Amino acid sequence: MTNKLTIYNSLSRKKEVFEPIHAPHVGLYVCGPTVYGDAHLGHARPAITFDVLFRTLSHLKYKVRYVRNITDVGHLEHDADEGEDKVAKRARLEQLEPMEVVQRNVNNYHREMEALNVLPPSIEPHASGHIIEQIELVKEILKNGYAYESQGSVYFDVAKYNKDYNYGKLSGRNIEDMLSTTRVLDGQQEKHNSADFALWKNAQPEHIMRWPSPWGNGFPGWHCECTAMGRKYLGSEFDIHGGGMDLLFPHHECEIAQAVASQGHDMVRYWMHNNMITINGTKMGKSLGNFILLKEFFDGSHKLLEKAYSPMTIRFFILQAHYRSTVDFSNEALQASEKGLQRLLEAYENLERLSTTTTSDKAKEVDAQVAAIKEKCYDALLDDLNTPIVIAHLFDGCKLINTLAAGKGEISDEGLAELKATFDLFMFDLLGLRQEHGQSNDSSNEREHAFGQVVDMLLEQRMQAKANKDWATSDKIRDNLQALGFEIKDSKEGSTWRLNK
RNA sequence: GGUACCUUGGCCGAGCGGCUAGGCACUGGUCUGCAAAACCAGGUACGGCGGUUCGAAUCCGCCAGGUACCUCCA
């Protein structure tokens, strides 16, 4: 592989060649979930997108420190200044400790990410565990004159900042219009300007989640955590910051402002944003109430789902679209993904059965095809993580394997090894797909194994019947197995089966 | 209202000025005792109207429709 990784930088709105600041080290920060509820399909997208990035960077021999935070404080509902803390609200409703809510949802999130084969990040810091760092950040911004204290809260002075720097450079909005139109409205409000955002919020004693600070008891503003924790673990300048497109404004814009206001220069080189998952053409979002939980996909319990979809189907479905495109949920699309993935995985299994030849022009041709597939997969992945193209080339490999398995064409030992290596690398290591084994605990594996042997036994009897041209018996066995959900595939070597869900 | 973005064959979804994307579904064929699976073949799609160009799904303009952000959201 000779090409370099290019990524689309939201800041420049262009694809750029990725050059780490301190090679071979790479700092990657991604906004993780606010843990006040279960993860839905929308959460899977950034997790999977940046998981592929993490895997790709690691494969390119970079030493990646991947930080994905847990927001467990400071994220308010509704209006950023009036709303209730999301976690605190949930705790109140369920009569739990806030940290009980946090722990439960973090546990669930981890379980679901594991099911999706999303690798754990290097560090997963909690906002609540970094109050001191956030207070320090606020102090620095105050000291530099880009914030003001007001009734126990501290607000970022957007107008002042915008005079010296450029507030809005990431989201591309012209903040001057906003500032001039809104200035008239307030005067006696806490904020000087409605565009200003909270760095620290005063909290009354009845508020459970509050910490002491130079400005009184309170809690940090939402945007502070990422700036403070990103800097703590990745340094005052690091490579990549990712997250969903909906966070671009205000969250990431504010992060930039906070970083620049505190340290005088940018903290992040490349900003990456994944697009949204839509449902009937509209964004899937908690506030819209049209979201489907990941666990509902896995067990098929949501009313919009025709059936359950496995975690790998979800992962494959997401990877079949480019991360910067919206992708629309539908049962039809999901089922298409399910079948496509199955086809790939079965082709991989067929690799085991291929025989090789040592010398043949035909084999050389096939070997060349294999090399081309590998090369194209690399090119696609390094081109801003174009996973749909990678998958398209894997399907080419899939066709090649099946053709060989059908006894047409030849492949050399080396070609076969290369083909397998290509699938191992791209399908499993980089795209992070995996074969799904029903249950992973041993006792059920034993049971499944025993059931499998029973099916094998039946198929053996069917082979006997076929050998005797006793079609009635052989068809009866096949039809009965099919009625139970088994798919039977015949070939010259014998029959194989698969249990369809 | 402001700012971005999107509109591709039955469905999903790549594409970034010329070369078959791919998957699912469908149709025909090969194989098979019959099926299934697999393989082969088949459909020349780019919202509309103009423009630039030897050449446009791809660039420009207008129009139509849609989405996102501007308030919490991955």
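Everything quoted here is computed from the prediction, not taken from an experiment. Just so it is clear: chains get the letters A, B, ... in the order the sequence lines come, proteins before strands, and each one is counted from 1.
- Annotation: side chain of A:M312 is in contact with side chain of A:R434 (closest heavy-atom distance under 4.5 Å).
- Ranked by how close their nearest RNA chain B nucleotide is to the 5' end, A:M284 and A:I389 are led by A:I389.
- In this structure, of B:A35, B:A21, B:C40, it is B:C40 that holds the atom nearest to the side chain of A:K399.
- For B:G55 and B:G66, the P atoms lie 35 Å apart once the distance is rounded to whole Å.
- B:A36 and B:G48: their P atoms are spaced 39 Å apart (whole Å).
- The shortest distance between side-chain heavy atoms of A:L394 and A:C377 falls below 4.5 Å.
- A:L41 comes within contact range of no nucleotide atom at all, as no heavy-atom separation falls under 4.0 Å.
- B:G33 has its base stacked against the ring of A:W471, the centroids being under 5.5 angstrom apart at an interplanar angle below 30°.
- Aromatic pair A:F317/A:Y309: ring centres not closer than 6.0 Å.
- Nucleic acid contact class of A:H322 (heavy atoms, under 4.0 Å, all strands): sugar-phosphate only.
- Centroid-to-centroid, the aromatic rings of A:Y8 and A:H322 stay 6.0 Å apart or farther.
- Using a 4.0 Å heavy-atom distance criterion, A:M245 is classed as making no nucleic acid contact.
- Both key distances under 3.5 Å define a Watson-Crick or G-U pair, and stretches of 3 or more such consecutive pairs in RNA chain B run B:1-7 with B:64-70, B:10-12 with B:22-24, B:26-30 with B:38-42, B:47-51 with B:59-63.
- When the nucleotides B:G23, B:C34, B:A74 are ranked by their closest atom to the side chain of A:Q320, B:G23 comes out on top.
- At a threshold of 4.0 Å, the pair A:K283-A:D246 counts as salt-bridged, since one of the basic side-chain nitrogens sits closer than that to a carboxylate oxygen.
- Within the 4.0 angstrom heavy-atom criterion, base atoms lie near A:D475.
- Residue A:F249 places its side chain closer to B:C70 than to any other of B:C34, B:G23, B:C70.
- For the 3.5 Å distance criterion, the side chains of A:D490 and A:S495 qualify, holding a donor opposite an acceptor.
- Note: CZ (A:F317) to P (B:G23) measures 18 Å, nearest angstrom.
- The phosphate of B:C16 (OP1 or OP2) has no side-chain N or O of A:K14 nearer than 4.0 angstrom.
- Counting to the nearest Å, the P atom of B:A74 and the CG atom of A:L293 are 12 Å from each other.
- Note on A:K283: a base of the nucleic acid sits closer than 4.0 angstrom, heavy atoms only.
- For A:R478, counting side-chain heavy atoms from C-beta on, the closest listed nucleotide (B:A74, B:A35, B:A14) is B:A35.
- Among the nucleotides B:C39, B:A68, B:A37, the one closest to any side-chain atom of A:E487 is B:A37.
- A:G244 comes within contact range of the sugar-phosphate backbone alone, with a heavy-atom separation under 4.0 Å but no base atom that close.
- Remark: A:E487 CD is packed, more than 12 non-hydrogen atoms of other residues, nucleotides or ligands lying under 6.0 Å away.
- Of the candidates A:Q342, A:Q320, A:R315, A:S337 forms a side-chain hydrogen bond (donor to acceptor under 3.5 Å, both in side chains) with just one, namely A:Q320.
- In this model, the phosphate group of B:G22 is not approached by any side-chain N or O of A:R343 to a distance below 4.0 Å at OP1 or OP2.
- Across all strands, A:N402 comes closer than 4.0 Å only to sugar-phosphate atoms, never to a base (heavy-atom distances).
- Atom P of nucleotide B:A68 and atom CG of A:N275 are separated by 11 Å, given to the nearest angstrom.
- Residue contacts for A:V327: at a heavy-atom cut-off of 4.0 Å it reaches the sugar-phosphate backbone alone, with no base atom in range.
- Using a 4.0 Å heavy-atom cutoff across all strands shown, A:S325 reaches sugar-phosphate atoms only and no base atom.
- Residue A:A333 is in sugar-phosphate contact alone, with no base atom involved, counting any heavy-atom pair closer than 4.0 Å across all strands shown.
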